[in-house]
Structures are given as C-alpha cells and as structure tokens.
Amino acid sequence: MAYWLVKSEPEVFSIDAFKGAKVTQWDAVRNYQARNYLQSMKVGHEVLFYHSNAEPTGVAGVGKVKKIAYPDGLQFDAKSDYFEPRATKDKPVWFAPDIQFVRKFKRVVTLAELRTEPALKGMLVLKRGMRLSVQPVTEREFERIVEMSEE
DNA sequence: GCCAACGTTGGC
DNA sequence: GCCAACGTTGGC
C-alpha cells in the first residue's frame with residue numbers, strides 16, 4: 001500500500017469543495033514527475049489533501065484513490081488553460097486518477113507543525129523549493145499526520 | 001546540447 | 001506583493 005500527498009489551492013478547490021464533489025478526477029496537473037506519480041496510484045491508496053497558498057497552509061483531510069489514472073480531458077479542450085497541443089485521443093499526454101473524499105480533519109495540520117515534528121523530517125513537502133503538487137509519503141508519515149489532526 | 005529568458009509555484 | 005526555486009521553451 002502506498003500513500004500520497006496532493007496539493008490544492010483552496011481558492012481553486014478546497015477540502016470543502018472536495019467533500020461536496022465526493023469524487024473528483026485529479027486533473028490539470030502539468031508536470032511530468034507529478035504525472036508519473038499520478039500514474040503510480042492504485043485503487044485504495046490513501047492521499048493527504050494539502051492546502052497550498054492558504055491561511056493556514058497545511059494538510060486539511062484525506063482522500064482515497066477510486067480509479068486509476070485515465071486521460072485528462074482538459075488536454076483535448078482548445079479553450080482550456082490545460083490544453084495540450086501535442087496530445088491526441090490515441091496518444092494522450094496527461095493522465096489522472098479519480099480520488100474520493102474520505103474525511104476532513106477536525107483541524108488543519110499546518111506546515112509549521114509539520115516542520116517541528118521530528119518524525120516528519122524527511123517529508124518532501126518540507127524540502128526547500130519543493131513545488132511538486134503530487135508527492136509520495138510513507139505510511140509512518142501518513143499515520144503521524146492523521147494522529148496530529150486528532151490532537 | 002547548452003543556456004538565457006520566461007513563466008509558475010507557493011511560502012512568507 | 002515579493003521573490004527564490006524550479007521547470008519549460010526556444011534560439012543557436
């Protein structure tokens with residue numbers, strides 16, 4: 001079983017919007033490393049939902065992979081900001097899984113808290129300049145953050 | 001293949 | 001709003 005962290009700006013798609021949507025395709029990611037992680041996600045993998053560019057910034061809840069990655073439809077839409085001229089229906093460039101809402105934390109586990117927790121020292125999201133919007137996390141990190149949300 | 005210019009991310 | 005850190009683009 002693998003665990004992941006995905007970032008979202010709450011002004012664009014918040015944990016409450018996620019709750020309302022119930023399931024959403026994690027589309028509009030346009031970075032190859034992030035795409036490769038999206039394609040590594042398997043049904044049942046758990047996902048930390050992280051608010052970036054937010055007040056406060058931090059982990060806001062949990063989701064779960066509902067369906068493995070399939071073509072991101074935005075790449076075919078010439079009017080979309082996420083249009084991909086190189087993509088064809090036969091050879092799509094961008095893929096994204098469906099992620100299901102699981103729960104909203106009682107409180108946001110803030111980035112500042114993540115930084116002060118020794119067990120989370122290795123997390124990619126804490127690395128200087130780490131802008132990747134989809135990241136792997138370890139089971140230990142995942143469980144610790146869930147615990148912190150209960151404290 | 002190099003690398004400068006440019007655009008984006010995202011914390012602060 | 002600022003700006004550091006990256007990723008991408010495109011001229012050569």
Side-chain angles (χ1 to χ4, degrees), chain A residues 2-21 24-41 45-65 69-99 101-138 140-151:
Chain A
Y3 298 84
W4 307 93
L5 178 148
V6 297
K7 296 181 188 171
S8 183
E9 299 191 30
E11 288 203 8
V12 178
F13 190 72
S14 68
I15 187 75
D16 290 325
F18 186 27
K19 183 176 185 178
T24 188
Q25 185 181 22
W26 205 257
D27 58 10
V29 172
R30 292 293 180 269
N31 170 283
Y32 287 101
Q33 194 176 352
R35 181 200 66 182
N36 293 342
Y37 286 138
L38 289 175
Q39 291 185 288
S40 300
M41 292 184 180
H45 285 182
E46 293 187 272
V47 180
L48 296 169
F49 189 97
Y50 178 94
H51 277 168
S52 61
N53 269 323
E55 188 51 54
T57 164
V59 181
V62 173
K64 177 165 77 174
V65 179
Y70 59 98
D72 173 347
L74 299 175
Q75 70 193 304
F76 305 121
D77 178 359
K79 293 194 290 282
S80 169
D81 286 345
Y82 299 100
F83 178 62
E84 174 55 74
R86 291 169 294 183
T88 65
K89 297 275 183 179
D90 286 343
K91 284 220 161 213
V93 177
W94 304 106
F95 297 83
D98 282 348
I99 300 183
F101 175 83
V102 173
R103 70 179 176 283
K104 178 180 174 176
F105 283 166
K106 287 189 293 191
R107 62 183 197 86
V108 172
V109 179
T110 67
L111 179 60
E113 289 177 77
L114 300 182
R115 288 194 194 288
T116 60
E117 172 56 45
L120 304 178
K121 220 170 53 183
M123 284 190 77
L124 291 174
V125 74
L126 306 182
K127 290 232 160 46
R128 192 177 165 73
M130 178 45 80
R131 304 178 312 178
L132 201 58
S133 66
V134 181
Q135 308 178 357
V137 304
T138 67
R140 184 178 296 257
E141 289 161 353
F142 182 93
E143 297 299 345
R144 182 67 193 118
I145 289 169
V146 170
E147 274 176 24
M148 290 166 78
S149 77
E150 302 285 337
E151 285 165 5

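In what follows, chains carry the letters A, B, and so on, assigned in the order in which the sequence lines appear, proteins first and then strands, with residues in each chain numbered from 1. The structure displayed is predicted, hence computed values, not measured ones.
For residues 104-122 of chain A, proximity to DNA chain B is found at A:Leu111, A:Arg115, defined as any non-hydrogen atom under 4.0 angstrom from a strand atom.
Evaluation of the side chain to side chain donor-acceptor pair (under 3.5 Å) test over residues 109-120 of chain A, restricted to residues two or more places apart or in two chains, returns A:Arg107-A:Glu113, A:Thr110-A:Glu113, A:Glu117-A:Arg144.
When the shell of 6.0 Å around CD of A:Glu11 is examined, it contains 12 or fewer heavy atoms from other residues, nucleotides or ligands.
Per the geometry, CD belonging to A:Glu9 stands 15 Å off C1' belonging to B:dC12, to the nearest Å. What separates CG of A:Leu132 from C1' of C:dA4 is a distance of 17 Å, to the nearest Å. Atoms CE (A:Met123) and C1' (B:dG11) sit 16 Å apart, rounded to a whole Å.
A distance of 11.5 Å separates OH of A:Tyr70 from CG of A:Leu38, quoted to the nearest 0.5 Å.
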Would you tabulate the pairs of protein nitrogen or oxygen atoms and nucleotide nitrogen or oxygen atoms of nucleotides 6-10 of chain C closer than 3.5 angstrom?
residue	atom	partner	partner atom	Å
C:dC6	OP1	A:Arg128	O	2.9
C:dC6	O2	A:Arg131	NH1	2.8
C:dC6	O2	A:Arg131	NH2	2.8
C:dG7	O4'	A:Arg131	NH2	3.4

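By the salt bridge (Lys or Arg N to Asp or Glu O under 4.0 Å) test, A:Asp16 pairs with A:Lys104, sequence neighbours left out. Residues satisfying the side-chain contact (heavy atoms from CB on, under 4.5 Å) criterion with A:Glu9, sequence neighbours excluded, are A:Val12, A:Ser52, A:Asn53. Scanning for salt bridge (Lys or Arg N to Asp or Glu O under 4.0 Å) contacts around A:Arg103 gives an empty result, with sequence neighbours left out.
Between A:Asp72 and A:Arg30, at least one side-chain N (NZ, or NE/NH1/NH2) sits under 4.0 Å from a carboxylate O, which counts as a salt bridge.
Aromatic rings of A:Trp4 and A:Phe49 (six-membered ring for Trp) have centroids beyond the 6.0 Å cut-off, not under it.
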